[in-house]
Peer 1: 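Once you've had a glance at the structure underneath, I'll fire off some questions.
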Amino acid sequence: MKRTHTCGGLNKANSGQNVLLQGWVENRRDHGGLIFIDIRDRYGKTQLVFDPTLNDETFTKAKELRPEYVIEIEGSVHERPSGMVNPHLKTGEIEVSVNQLAILNKAKTPPFLIVDDVDATEETRLRYRYLDLRRAVMQKNLILRHRVAQTMRQFLDQENFLEIETPYLMKSTPEGARDFLVPSRIHKGKFYALPQSPQIYKQTLMISGYDRYFQIVRCFRDEDLRADRQPEFTQLDVEMAFVREEDIRDVVERLMVEIFARIHNIKIERPFPVMTYDEAMAKYGCDKPDLRFGMPIVDITDIVKHTEFKIFQMTAEQGGMIGALCVKGAASYSRKQIDLLNQFVLDMGGKGVLNAKVGADGWESSLKKFLTPEQEQALNERLHVREGDLILIIAASKAEVQRYLGELRLKFGKQENLIPENSYQHVWITEFPMFEYDDEADRFVAMHHPFTSPVDSDVEMLDTNPELVRAKAYDLVLNGHEVAGGSIRIHSSEIQSKVFSLLKISKDEAQEKFGFLLEALQHGAPPHGGIAFGLDRLIMILAGRQSLRDVIAFPKTTAALSLMDESPSGVSPEQLKDLGLRIENTKG
RNA sequence: GGGGUCGUGGUGCAGUUGGUUAGCACAUCGGCCUGUCAAGCCGAAGGUCGCGGGUUCAAGUCCCGUCGGCCCCGCCA
């Protein structure tokens with residue numbers, strides 16, 4: 001038999017109809033002479049009523065029903081008696097009086113009830129992921145994910161993009177994250193790597209003339225996990241030829257507008273604000289600022305460096321910075337609360353944080369005696385201080401001040417509830433530095449990736465001041481999360497070689513690892529660039545979740561295990577032999 | 001690699017300065033019950049306290065190791 005409706009599809013208009021439903025038993029309320037069952041599928045729930053006066057045999061069979069049994073029923077829809085309507089249920093105005101019941105499959109007692117506010121630890125949920133995914137909230141997240149992916153495909157198709165697949169078995173490359181390796185059976189002792197992203201392939205496709213490419217693609221990075229980091233994750237990968245940075249931002253912004261309109265029915269304003277990396281670091285101490293609230297970092301070095309306070313003097317003399325945050329209305333913080341803030345900074349490796357409460361008579365602080373009234377006034381103006389505010393001050397190197405105050409700012413955002421709900425603040429971060437110095441490796445490393453083009457006016461500095469060279473790289477930041485990042489690529493093999501040599505990648509090594517790309521660049525490479533979205537993160541934000549695990553069907557734990565299927569696992573000696581591998585005992 | 005926190009019937013938790021028979025809720029099983037929607041009422045069963053070692057007259061509790069969940073640092077172009 002075939003179902004006539006889903007468990008979320010019936011309403012008053014179906015009254016009187018005979019229907020056939022299939023689904024899972026969510027809940028049984030047995031009154032002895034009358035049994036209520038909620039039947040569930042991914043479309044919703046419907047209340048079933050079993051009444052012995054309607055069909056005694058069916059009623060008797062209904063006594064056997066238990067949670068998660070799979071059943072098929074046939075019965076008639078009727079409006080519920082007055083006062084019995086359940087307003088929390090889409091189908092709450094009706095119920096189905098069951099005439100025939102078939103148990104399609106029994107179920108063991110589930111380890112937890114399949115309800116939204118589930119009473120189980122995440123560990124249990126992951127072990128029984130198939131049951132967890134049966135819950136409506138989880139289904140909602142995966143449905144949202146599907147709809148976002150479909151919106152992306154439709155939008156990009158309309159914009160003339162082609163979806164092209166690239167290999168999952170590729171060459172291991174230096175730079176970037178640790179690769180997942182796949183041993184080759186045919187070529188013993190050699191390995192494929194799973195892609196960290198399809199970067200090289202998509203650039204190759206540009207050279208091949210597929211001037212608008214996209215792919216919703218799995219990527220792999222063998223690094224430690226976080227709430228927002230999984231070893232395999234999905235990117236919306238995009239690349240375009242004959243474009244400048246602005247053209248890519250334009251497409252991306254219109255795509256985001258489309259997604260928010262379709263998913264949340266929200267109109268997003270564009271163009272999105274643009275902030276340079278330097279500005280983001282200076283104002284928010286972070287390259288992914290959460291702009292849902294203000295409280296910027298304020299540089300007060302010039303005002304306080306001439307005070308009698310030795311630490312300020314010394315910091316300024318040594319080229320450091322004195323920075324401040326003005327926390328609105330936090331003058332009521334207790335000594336204990338302020339001690340906790342100080343400890344927070346100490347835990348990050350800082351030397352602590354100075355504070356001043358602003359009362360009716362000005363600053364209440366151990367710093368007060370070092371300040372002239374003019375200095376205090378100047379600080380009040382620069383920090384936009386009002387009575388009742390708390391001022392926090394850190395003196396250290398510029399990088400430290402930015403980091404500590406940036407973290408403090410985020411801490412206040414959460415603990416003072418400064419972040420409005422259902423608010424979405426996009427911002428582009430641009431002009432990233434090309435290189436960072438890696439102390440451990442004692443060389444420059446690419447901040448984005450080694451194919452990123454320098455800003456035109458900075459090209460000369462590649463030879464003189466590589467640390468000052470800015471890149472044509474851009475991140476899209478949403479509510480403090482990096483949701484997309486990209487760059488304009490180098491399309492000149494000359495500049496590409498120069499960048500490799502700055503990264504201390506030898507000619508031989510470059511040839512060995514990226515030789516085909518370097519060669520391809522000499523065969524008519526158009527100017528090109530692109531961007532990649534962290535799809536999981538975007539979905540997480542859209543779904544209002546705090547963890548990627550809630551928007552991935554089968555995620556790994558923080559120890560990179562899958563609790564349901566128990567991967568990774570050992571393999572047989574035969575499998576190892578086929579691959580020419582031997583396992584070393586790494587213990588001891 | 002490091003730090004924090006947690007691990008106790010099927011599930012979620014409590015368990016005091018180490019001390020009698022490890023307690024509660026939900027689920028499960030049995031009984032009663034015709035308007036519930038977290039149904040209700042009565043009763044029952046269910047536990048090597050993650051695992052291994054140690055201290056002690058005595059360990060769920062203290063110590064060491066180990067495995068696992070979560071959060072963070074490092075790491076993640």
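As a basis for the values below, the full set of heavy atoms in this structure was taken, side chains included, without hydrogen atoms, waters or symmetry mates. In what follows, chains carry the letters A, B, and so on, assigned in the order in which the sequence lines appear, proteins first and then strands, with residues in each chain numbered from 1.
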Peer 1: Taking 4.0 Å as the cut-off, does a side-chain nitrogen or oxygen of A:Arg29 come that near to OP1 or OP2 on B:A39?
Peer 2: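 For B:A39, OP1 or OP2 has a side-chain N or O of A:Arg29 closer than 4.0 Å.
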Peer 1: Rounding to an integer number of Å, can you tell me how far A:Glu122 CD sits from B:C70 C1'?
Peer 2: 7 Å
Peer 1: Is a donor-acceptor pair below 3.5 Å formed from side chain A:Arg229 to base B:C76, judging by atom type as modelled?
Peer 2: yes
Peer 1: With the criterion being N/O to N/O and under 3.5 Å, what pairs connect the protein with nucleotides 42-48 of chain B, and how long is each?
Peer 2:
none

Peer 1: Sugar-phosphate atoms are those with a prime plus P, OP1 and OP2; base atoms are the rest. Using that split, label each nucleotide of nucleotides 24-30 of chain B B, S or - for protein heavy atoms under 4.0 Å, 5' to 3'.
Peer 2: ---SSSS
Peer 1: Test salt bridge (Lys or Arg N to Asp or Glu O under 4.0 Å) on A:Glu93 and A:Arg80; report intermediate values, then the result.
Peer 2: CA-CA 6 Å; A:Glu93 290 186 318; A:Arg80 298 195 188 185; over 6 Å; no
Peer 1: Could you tell me which nucleotide pairs with B:G74 by Watson-Crick or G-U wobble geometry, both distances under 3.5 Å, or answer none if nothing does?
Peer 2: none
Peer 1: Could you work out which one of B:C71, B:G12, B:G69 sits closest to the side chain of A:Thr557?
Peer 2: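 Ranking B:C71, B:G12, B:G69 by closest atom to the A:Thr557 side chain puts B:G69 first.
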Peer 1: Measure from the side chain of A:Asn27, starting at C-beta and using heavy atoms only, and say which of B:A38, B:G35, B:C75 lies closest.
Peer 2: B:A38
Peer 1: Please classify the nucleic acid contact of A:Glu26 as base, sugar-phosphate, or nothing, using heavy-atom distances under 4.0 Å.
Peer 2: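 Contact class for A:Glu26: none.
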Peer 1: Report yes or no: do A:Tyr277 and A:Asp475 form a side-chain donor-acceptor pair below 3.5 Å?
Peer 2: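 No, A:Asp475 and A:Tyr277 have no side-chain donor paired with an acceptor closer than 3.5 Å.
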Peer 1: Could you say whether the aromatic ring of A:His31 and the base of B:G35 stack, counting only centre distances under 5.5 Å and plane angles under 30°?
Peer 2: no
Peer 1: Regarding A:Thr452, tell me which of base, sugar-phosphate or nothing describes its non-hydrogen contacts under 4.0 Å with the strands shown.
Peer 2: nothing
Peer 1: Please check the phosphate of B:C73 (OP1 and OP2 only) for any side-chain N or O of A:Arg226 closer than 4.0 Å.
Peer 2: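 For A:Arg226, the contact criterion (side-chain N or O under 4.0 Å from OP1 or OP2 of B:C73) is met.
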Peer 1: Taking atom types as they are modelled, would you say the side chain of A:Glu123 forms a donor-acceptor pair with the base of B:G50 within the 3.5 Å cutoff?
Peer 2: no
Peer 1: Looking at A:Phe344, I'd like to know if the NZ or CZ of A:Lys411 sits under 6.0 Å from its six-membered ring centre while staying within 45 degrees of the ring's axis.
Peer 2: yes
Peer 1: Verify whether one side chain among A:Glu95 and A:Thr46 offers a donor that lies under 3.5 Å from an acceptor in the other.
Peer 2: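 There is no such pair (donor and acceptor under 3.5 Å, judged by atom type) between the side chains of A:Glu95 and A:Thr46.
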Peer 1: Go through the side-chain N and O atoms of A:Ser397 and A:Glu400 and say whether any donor and acceptor fall under 3.5 Å apart.
Peer 2: yes
Peer 1: Would you mind telling me which of B:G10, B:G69, B:C37 lies closest to the side-chain atoms of A:Pro111?
Peer 2: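 Looking only at heavy atoms from C-beta outward on A:Pro111, the closest nucleotide is B:G10.
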Peer 1: When you check the side-chain N and O atoms of A:Asp508 and A:Ser506, is any donor under 3.5 Å from an acceptor?
Peer 2: no
Peer 1: Can you tell me how far C1' in B:C49 sits from the matching atom in B:G68, rounded to whole Å?
Peer 2: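 The answer is 16 Å between these two C1' atoms.
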Peer 1: May I ask which nucleotide in the shown strands pairs with B:C49, Watson-Crick or G-U wobble, both distances under 3.5 Å?
Peer 2: none
Peer 1: Provide the distance between the two P atoms, one in B:A45 and one in B:G30, to the nearest whole Å.
Peer 2: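 It comes out at 15 Å once rounded to the nearest Å.
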Peer 1: I'd like to know if the side chain of A:Tyr213 pairs up with that of A:Asp237 as donor and acceptor (distance under 3.5 Å, no hydrogens or angles considered).
Peer 2: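 Result is yes, a qualifying pair exists.
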Peer 1: Figure out the CD/P separation between A:Glu436 and B:G74, and round it to whole Å.
Peer 2: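 Atom-to-atom, A:Glu436 to B:G74, this comes out as 12 Å.
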Peer 1: Pick base, sugar-phosphate or nothing for A:Asp347, based on heavy-atom distances below 4.0 Å to the nucleic acid.
Peer 2: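 Nothing, no heavy atom under 4.0 Å.
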Peer 1: If the C1' atom of B:G46 is compared with that of B:U28, how far apart are they to the nearest Å?
Peer 2: 9 Å
Peer 1: Would A:Ser547 and A:Asp550 count as having a side-chain donor-acceptor pair, cut-off 3.5 Å?
Peer 2: no
Peer 1: In whole Å, what separates the P atom of B:C33 from that of B:U16?
Peer 2: 44 Å
Peer 1: Any base atoms under 4.0 Å from A:Leu89, or only sugar-phosphate, or nothing? Heavy atoms, all strands.
Peer 2: nothing
Peer 1: Only pairs with both distances under 3.5 Å count, Watson-Crick or wobble alike; so what is the partner of B:C32 in this structure?
Peer 2: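 Across any shown strand, B:C32 pairs with B:G40.
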Peer 1: What is the distance from CG of A:Asp132 to C1' of B:U11, rounded to the nearest Å?
Peer 2: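 Rounded to the whole Å, the gap is 14 Å.
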Peer 1: With RNA chain B as reference, determine whether A:Ser547 or A:Leu225 sits nearer its 5' end, using the nearest nucleotide of each.
Peer 2: A:Ser547
Peer 1: Applying a 4.0 Å non-hydrogen cut-off, can you work out what A:Arg549 is touching in the nucleic acid: base, sugar-phosphate, or nothing?
Peer 2: sugar-phosphate
Peer 1: Is there a stack between A:Phe36 and B:U36, judged by ring centres under 5.5 Å and planes under 30°?
Peer 2: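 Stacking is present between B:U36 and A:Phe36, given that their ring centres fall under 5.5 Å apart and the planes under 30°.
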Peer 1: Please report, rounded to the nearest Å, how far the P atom of B:A39 is from the CD1 atom of A:Ile37.
Peer 2: 11 Å
Peer 1: Would you indicate which nucleotide in B:G35, B:C76, B:G12 comes nearest to any side-chain atom of A:Pro81?
Peer 2: B:G35
Peer 1: Map A:Thr124 and A:Arg80 onto RNA chain B by nearest heavy atom, then report which one ends up closer to the 5' terminus.
Peer 2: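 In this pair, the answer is A:Thr124.
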Peer 1: A:Gln230 CD to B:C70 C1': how many Å, rounded?
Peer 2: 13 Å
Peer 1: Between B:G4 atom P and A:Met348 atom CE, what is the distance in whole Å?
Peer 2: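 Atom-to-atom, A:Met348 to B:G4, this comes out as 18 Å.
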Peer 1: Taking B:G19 as the reference, what is the distance to B:U56 when you measure between their C1' atoms (whole Å, please)?
Peer 2: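 Between the two C1' atoms, the distance is 12 Å.
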Peer 1: Parallel under 30°, tilted from 30 to 60°, perpendicular over 60°: which one fits the rings of A:Phe500 and A:Phe514?
Peer 2: parallel
Peer 1: In the structure I gave you, are the side-chain heavy atoms of A:Gln415 and A:Phe412 within less than 4.5 Å of one another anywhere?
Peer 2: yes
Peer 1: Mind checking the C1' distance from B:C63 to B:C42? Whole angstroms is fine.
Peer 2: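 Approximately 48 Å lies between the C1' atom of B:C63 and that of B:C42.
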Peer 1: Mind checking the P distance from B:U55 to B:U48? Whole angstroms is fine.
Peer 2: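 My reading of the P atoms in B:U55 and B:U48 gives 26 Å.
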Peer 1: Is the base of B:G74 touched by the side chain of A:Asp224 through a donor-acceptor pair closer than 3.5 angstrom?
Peer 2: yes
Peer 1: For A:Asp179 and A:Gln196, does a side-chain donor sit closer than 3.5 Å to a side-chain acceptor?
Peer 2: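 A:Asp179 vs A:Gln196: donor-acceptor pair found between side chains.
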Peer 1: With a 4.0 Å cut-off, would you call A:Glu232 and A:Lys556 a salt bridge?
Peer 2: yes
Peer 1: How close or far is atom P of B:G3 from atom CG of A:Leu346, stated in whole angstroms?
Peer 2: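 Value for this atom pair: 19 Å.
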Peer 1: Phosphate oxygens OP1/OP2 of B:C70: is one of them under 4.0 Å from a side-chain N or O of A:Thr121?
Peer 2: no
Peer 1: Between A:Gln230 and A:Arg537, is any side-chain donor less than 3.5 angstrom from a side-chain acceptor?
Peer 2: no
Peer 1: Between atom CD1 in A:Ile35 and atom C1' in B:C32, what is the gap in whole Å?
Peer 2: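 A:Ile35 atom CD1 is separated from B:C32 atom C1' by 14 Å.
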Peer 1: Can you tell me how far C1' in B:C75 sits from the matching atom in B:A58, rounded to whole Å?
Peer 2: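 Going atom to atom, C1' in each nucleotide, I get 47 Å.
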